Amino acid sequence: MAQITEKTRGEVKEVVLDFFAEECEIELNEISEDSKIIGDLDGDSLMFLELIEIFKKKFNLNIELKTIGKYAVKNPVQTIGELIDMQLLIIEHENNILDM
Amino acid sequence: MSQKTAFVFPAFISEFTKKELDFLSENNIDFNNYLQRVSVALEIDLPEFSYVSNNYNNELKSQLLAYLFSCAFYDILEKKGIEPQFVAGYSMGIYASLYASKSISLEEGAKFIYTAYTIVSKLTETKKFGMGAIIGLPIKDIKYLIEENAPDTEIINVNNEHSIVIAGKKKDINLVLERAKEEGAMSSIELTVNTPYHSKYLLKYSESFQKYISTIQICDAEIPIISTYDQREIVKVSEIKSELLFNLTSKINWYKTMQKLLTKDVSNIYECGAGKDLKKISRFIKGDYKMNSIYKI
């Protein structure tokens with residue numbers, strides 16, 4: 001189980017914000033933790049999947065998409081801040097996330 | 001290795017970017033003119049389009065609208081001198097790809113859409129059929145879910161590594177979508193159509209559609225079209241006619257179609273149409289290429 005530090009949170013936040021800015025073709029300063037993923041940014045589940053793949057590589061995570069999918073369906077996120085928190089939980093718990 | 005360009009054409013618009021109308025008018029395209037030409041050709045009412053109106057909510061009109069936006073966007077790219085070496089149309093996007101390759105006129109493309117819709121309308125009107133999209137489950141898992149729960153349902157398109165489209169009876173579709181969610185699909189949603197496009201349920205309409213195809217003046221393609229059915233390059237009229245039939249009644253594979261473009265050294269791809277559905281789908285299609293934003297040309 002990985003330890004989540006302030007540094008980790010900062011890194012994850014930076015990746016998430018950069019990713020949405022590029023994908024949504026908007027300026028970085030137009031996105032905040034309160035931005036609504038669907039309503040404000042036209043985000044979708046493929047973007048969520050891509051982010052998981054990015055963090056899987058970056059943190060060398062042992063995760064199965066199906067497991068994350070089961071967790072995500074039960075714990076849907078709406079804002080960028082909630083998405084960052086979920087990514088941190090995935091990094092912390094990997095495939096054990098369902099046991100939380 | 002020379003860098004090549006391809007134009008890809010969507011079949012539907014799940015969400016407008018809301019830049020479409022401004023982009024058309026900035027490029028001196030009168031979109032109402034496209035609507036009027038097709039209104040006259042089909043003898044149906046295609047009123048002025050706005051993002052907030054409900055005039056284009058039905059299946060036929062929404063397909064026509066997607067087609068006309070694609071054709072208008074293509075006309076802009078052509079005016080700007082951007083020339084593709086290949087084109088490909090996602091599902092009903094085939095008609096716009098034929099328009100771009102100068103095989104059919106704007107009106108003929110609309111007539112194809114109208115006729116295909118009319119021919120299968122007996123099925124559509126029962127409202128017992130539909131389609132669904134599953135994101136985040138491996139194809140082998142989806143095949144298993146179908147086999148176990150609703151064997152008449154078919155996988156009719158692979159969008160990318162993580163996105164699969166199914167078609168069949170609505171009750172079966174909903175069952176598979178529900179099971180997919182339980183299995184860990186990131187998303188499983190019913191599509192807003194009542195026609196199981198590309199499935200075996202459309203095979204019985206092959207003859208009628210083939211008869212119609214034989215009555216239409218089609219020219220060889222000036223730009224090769226990549227088949228979404230078997231990814232061959234299509235230029236000749238006879239091949240186009242076969243493809244039109246396959247496109248309605250057989251499974252397609254967008255993932256393989258995009259991969260084929262990449263093997264042909266395509267590195268610049270433009271999504272010719274409203275919304276950005278094909279850009280979204282391209283996320284899990286790996287390769288050395290760029291999906292260019294049409295708004296930045």
Side-chain angles (χ1 to χ4, degrees), chain A residues 15-16 18-27 30-31 35-58 61-78 82-83 86-87 89-90 93-100, chain B residues 13-20 23 51 132-142 144-145 158-165 177-189 191 254-255 258 271 274-286 290-297:
Chain A
V15 170
V16 170
D18 285 347
F19 175 82
F20 273 92
E22 192 181 330
E23 289 294 328
C24 305
E25 296 170 14
I26 54 174
E27 296 298 321
E30 291 176 51
I31 310 174
S35 300
K36 295 211 162 35
I37 298 166
I38 295 173
D40 298 337
L41 302 171
D42 189 24
D44 58 41
S45 41
L46 279 173
M47 287 169 87
F48 182 66
L49 269 182
E50 197 168 356
L51 268 174
I52 289 171
E53 292 284 345
I54 290 168
F55 288 119
K56 191 176 172 180
K57 273 187 201 149
K58 187 175 168 67
L61 302 176
N62 173 28
I63 51 172
E64 254 198 277
L65 287 179
K66 282 198 288 186
T67 307
I68 307 304
K70 283 178 188 169
Y71 181 81
V73 166
K74 283 185 191 159
N75 302 275
V77 296
Q78 293 189 348
E82 289 169 0
L83 177 63
M86 183 186 278
Q87 295 293 350
L89 284 175
I90 294 168
H93 297 280
E94 300 180 57
N95 267 338
N96 297 323
I97 194 164
L98 285 175
D99 302 333
M100 281 177 52
Chain B
I13 309 159
S14 63
E15 195 165 9
F16 286 94
T17 63
K18 300 204 173 148
K19 295 177 187 170
E20 290 86 356
F23 178 69
Y51 299 118
I134 300 171
I135 290 166
L137 273 192
I139 191 164
K140 66 172 174 46
D141 289 16
I142 297 171
Y144 178 76
L145 286 179
V158 180
N159 282 330
N160 61 37
E161 274 179 36
H162 296 295
S163 170
I164 305 285
V165 187
L177 294 176
E178 197 51 47
R179 293 283 179 273
K181 208 167 265 178
E182 289 164 10
E183 277 302 303
M186 218 50 90
S187 158
S188 62
I189 49 162
L191 303 181
W254 185 249
Y255 186 28
M258 287 286 286
E271 178 170 1
K276 49 181 180 180
D277 292 292
L278 297 182
K279 185 183 178 199
K280 286 181 179 179
I281 288 170
S282 75
R283 254 185 218 120
F284 282 97
I285 303 175
K286 294 185 183 87
K290 192 177 172 207
M291 285 293 282
N292 294 287
S293 170
I294 202 162
Y295 304 108
K296 290 184 180 169
I297 56 172

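Computed from a predicted model, the values in this text were never measured in an experiment. Per chain, numbering begins at 1; letters A, B, ... match sequence-line order.
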Candidate pair B:Lys279 and A:Glu25, rule salt bridge (Lys or Arg N to Asp or Glu O under 4.0 Å), full reasoning
CA-CA 12 Å; B:Lys279 185 183 178 199; A:Glu25 296 170 14; 3.0 Å; yes
What is the minimum heavy-atom distance between A:Val73 and B:Met186, and which atoms define it?
CG2-O, 4.5 Å
Other residues, nucleotides, ligands: >12 heavy atoms within 6.0 Å of A:Leu98 CG
yes
Before accepting this row, confirm whether a basic side-chain N of the pair A:Asp42/B:Lys18 lies closer than 4.0 Å to the acidic partner's carboxylate O.
no
Between CD1 on residue B:Ile189 and OG on residue A:Ser45, distance to nearest 0.5 Å
7.0 Å
Among A:Glu50, A:Glu53, A:Glu22, exactly one meets salt bridge (charged side-chain N to carboxylate O under 4.0 Å, His left out) together with B:Arg283. Which residue is that?
A:Glu50
Enclosure of A:Gln78 CD (heavy-atom neighbours >12, cutoff 6.0 Å):
no
For the CD1 atom of B:Ile135 and the CG atom of A:Asp44, what is their distance to the nearest 0.5 Å?
6.5 Å
Any B:Leu137 side-chain heavy atom under 4.5 Å of A:Leu65 side chain:
no
Would you say B:Tyr295 has more than 12 foreign heavy atoms packed within less than 6.0 Å of its OH?
yes
Could you tell me the separation between the CZ atom of B:Phe284 and the CG atom of A:Leu46, rounded to the nearest 0.5 Å?
6.0 Å
